[in-house]
Amino acid sequence: MKLRKDFSGKMVYGEGKSLRERANRSQQRRKRELRSKIILVNAGLALIIIMVILVCKVVAINRQNNEIKKDGQSIQVEAEAKNGKSPEGDKKDKAAASPSPAVTKAPTGSAMWIRKDLDKNKPMVALTFDDGPYAPVTEKILKVLEKYDAKATFFCVGNRIPTYTEVVKKAYSQGSQIASHTFEHKILNDLKKSQINAQIKKTDSALQKVVGCSTTALRPPGGFVNDRVKKAVKIPMVCWNVDSEDWKSRDTKKILSRCRSIGDGDIVLMHDLYPTTAQAVAKLVPQLHKKGFQMVTVDELFYYKGIKAEGGTVYFSGK
């Protein structure tokens with residue numbers, strides 16, 4: 001569009017509008033466009049902020065609901081425990097009522113050697129083995145126990161565990177209890193408090209590396225315990241009331257003869273060092289099974305007999 005002079009001599013477009021008016025209108029249009037863009041940007045930012053706030057609130061609400069649910073479950077478990085009910089029993093009831101029972105997690109740690117499905121009205125006996133592990137003998141004992149769904153307690157000497165880790169793992173995986181027989185089989189009565197604690201801690205450390213848990217029972221070598229030992233030891237000490245004397249006779253018939261009087265709640269002393277002991281176990285376990293005995297760990301025996309074993313206390317049986 002060409003410029004021309006109007007009647008007053010001003011330069012105008014062909015339509016008669018001055019350059020200043022054109023510039024002013026163009027500037028106003030740009031301002032309106034800029035304001036529109038600013039409004040759109042601010043609206044977008046506001047929308048993003050609102051969405052972020054909503055997402056944070058939803059996450060917070062979900063987290064709060066999960067915490068409330070967990071607290072409710074904990075309160076329910078505590079209430080059931082006070083009423084003499086166990087979570088396992090409740091799970092069984094729910095499983096019986098539901099066509100699709102929920103899968104429960106396998107036990108770990110010391111829970112491995114306490115079964116919750118045994119019959120407390122049937123006789124129980126705890127077979128225990130000292131001074132091992134020793135794979136050539138321990139393996140044979142474990143084979144017999146597995147065949148009859150029997151469990152035992154192995155009071156291991158701590159410094160032997162690194163040498164026989166595989167057999168310790170096998171005993172643990174089968175549900176047998178792994179307990180302490182000190183680290184070096186030292187008579188605790190002859191030691192100072194710090195030395196007694198060292199014997200226990202070293203064994204626990206060796207066991208932790210193999211099966212991932214600590215011992216829950218100690219058998220003092222020789223069964224010797226004095227007041228200093230009782231004050232130093234923080235876990236239950238387990239002796240026995242039936243002695244097979246397998247270390248002394250090393251004769252299968254004599255071992256079985258000394259085990260003839262086994263009764264409900266007894267704790268039997270043997271040693272998984274001698275082939276004759278493994279031979280005796282191969283005959284003793286089927287005999288006990290036929291008589292209706294449940295062969296259990298020490299912790300299982302105390303659990304079903306209602307004995308709350310305390311640290312520093314010596315126990316001889318589950319009676």
Side-chain angles (χ1 to χ4, degrees), residues 113 125-188 199 203 206-207 210-211 215 217-224 237-262 266-291 293 295-298 301 316-317:
W113 50 69
V125 59
L127 303 179
T128 66
F129 299 89
D130 287 9
D131 296 354
Y134 177 53
V137 174
T138 311
E139 285 275 6
K140 292 179 180 179
I141 292 172
L142 289 174
K143 188 175 181 180
V144 176
L145 295 175
E146 185 177 27
K147 183 178 179 180
Y148 291 91
D149 191 28
K151 314 299 178 186
T153 301
F154 292 88
F155 287 96
C156 299
V157 176
N159 62 12
R160 297 178 66 88
I161 293 175
T163 304
Y164 299 105
T165 57
E166 292 306 313
V167 75
V168 173
K169 288 180 181 178
K170 186 175 182 179
Y172 174 77
S173 66
Q174 285 186 198
S176 282
Q177 181 174 351
I178 313 299
S180 175
H181 198 36
T182 74
F183 190 74
E184 299 168 298
H185 200 271
K186 289 189 174 182
I187 302 300
L188 298 180
Q199 288 290 316
T203 303
L207 186 60
V210 178
V211 299
T215 59
L218 167 73
R219 172 159 289 164
F224 298 113
M237 290 179 280
V238 180
C239 288
W240 59 88
N241 67 324
V242 175
D243 188 352
S244 69
E245 292 190 352
D246 56 341
W247 62 274
K248 183 178 180 180
S249 69
R250 310 212 184 167
D251 182 283
T252 301
K253 289 184 178 179
K254 290 183 179 180
I255 295 169
L256 291 172
S257 177
R258 292 194 61 85
C259 293
R260 212 171 272 166
S261 61
I262 287 176
D266 284 344
I267 297 177
V268 183
L269 170 63
M270 290 184 278
H271 301 76
D272 53 329
L273 291 180
Y274 315 110
T276 47
T277 299
Q279 293 166 10
V281 169
K283 293 183 178 181
L284 177 63
V285 169
Q287 290 174 5
L288 293 171
H289 180 76
K290 189 176 181 180
K291 292 178 181 179
F293 275 93
M295 283 155 277
V296 299
T297 66
V298 167
L301 183 66
F316 294 89
S317 73

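T215 and A179 get closest at one heavy-atom pair: CG2-C, 3.7 Å. Looking at every heavy atom in both residues, A206 comes nearest to I161 through O-CG2, 3.9 Å. The minimum heavy-atom distance between Q174 and L142, with the atom names listed, is NE2-O, 3.3 Å.
The distance from the CG atom of L127 to the OG atom of S244 is 10.0 Å, given to the nearest 0.5 Å. Considering CE of M237 and CG of L218, their distance stands at 7.0 Å, rounded to 0.5 Å. Summarising the geometry, atom CD belonging to Q177 is positioned 10.0 Å from atom CG belonging to L301; distances are rounded to the nearest 0.5 Å. The structure places NZ of K143 at 9.5 Å from CD of E139, a figure rounded to the nearest 0.5 Å. Atoms NE2 and OG1, on H185 and T203 in that order, are 11.5 Å from each other to the nearest 0.5 Å.
We find that D149 and K151 are joined by a salt bridge, their nearest charged nitrogen and carboxylate oxygen being less than 4.0 Å apart.
N159 contributes a side-chain N or O that, together with a main-chain N or O of F183, makes up a donor-acceptor pair within less than 3.5 Å. Between the side chain of E184 and the backbone N or O of Q199, no donor-acceptor pair lies under 3.5 Å. At distances below 3.5 Å, not a single donor-acceptor pair connects side-chain atoms of T128 with backbone N or O atoms of T153.
Ring geometry, Y134 versus Y164: the interplanar angle exceeds 60°, so the pair is classed perpendicular (tilted spans 30 to 60°).
For NZ of K283, the number of neighbouring non-hydrogen atoms (other residues, nucleotides, ligands) closer than 6.0 Å is 12 at most.
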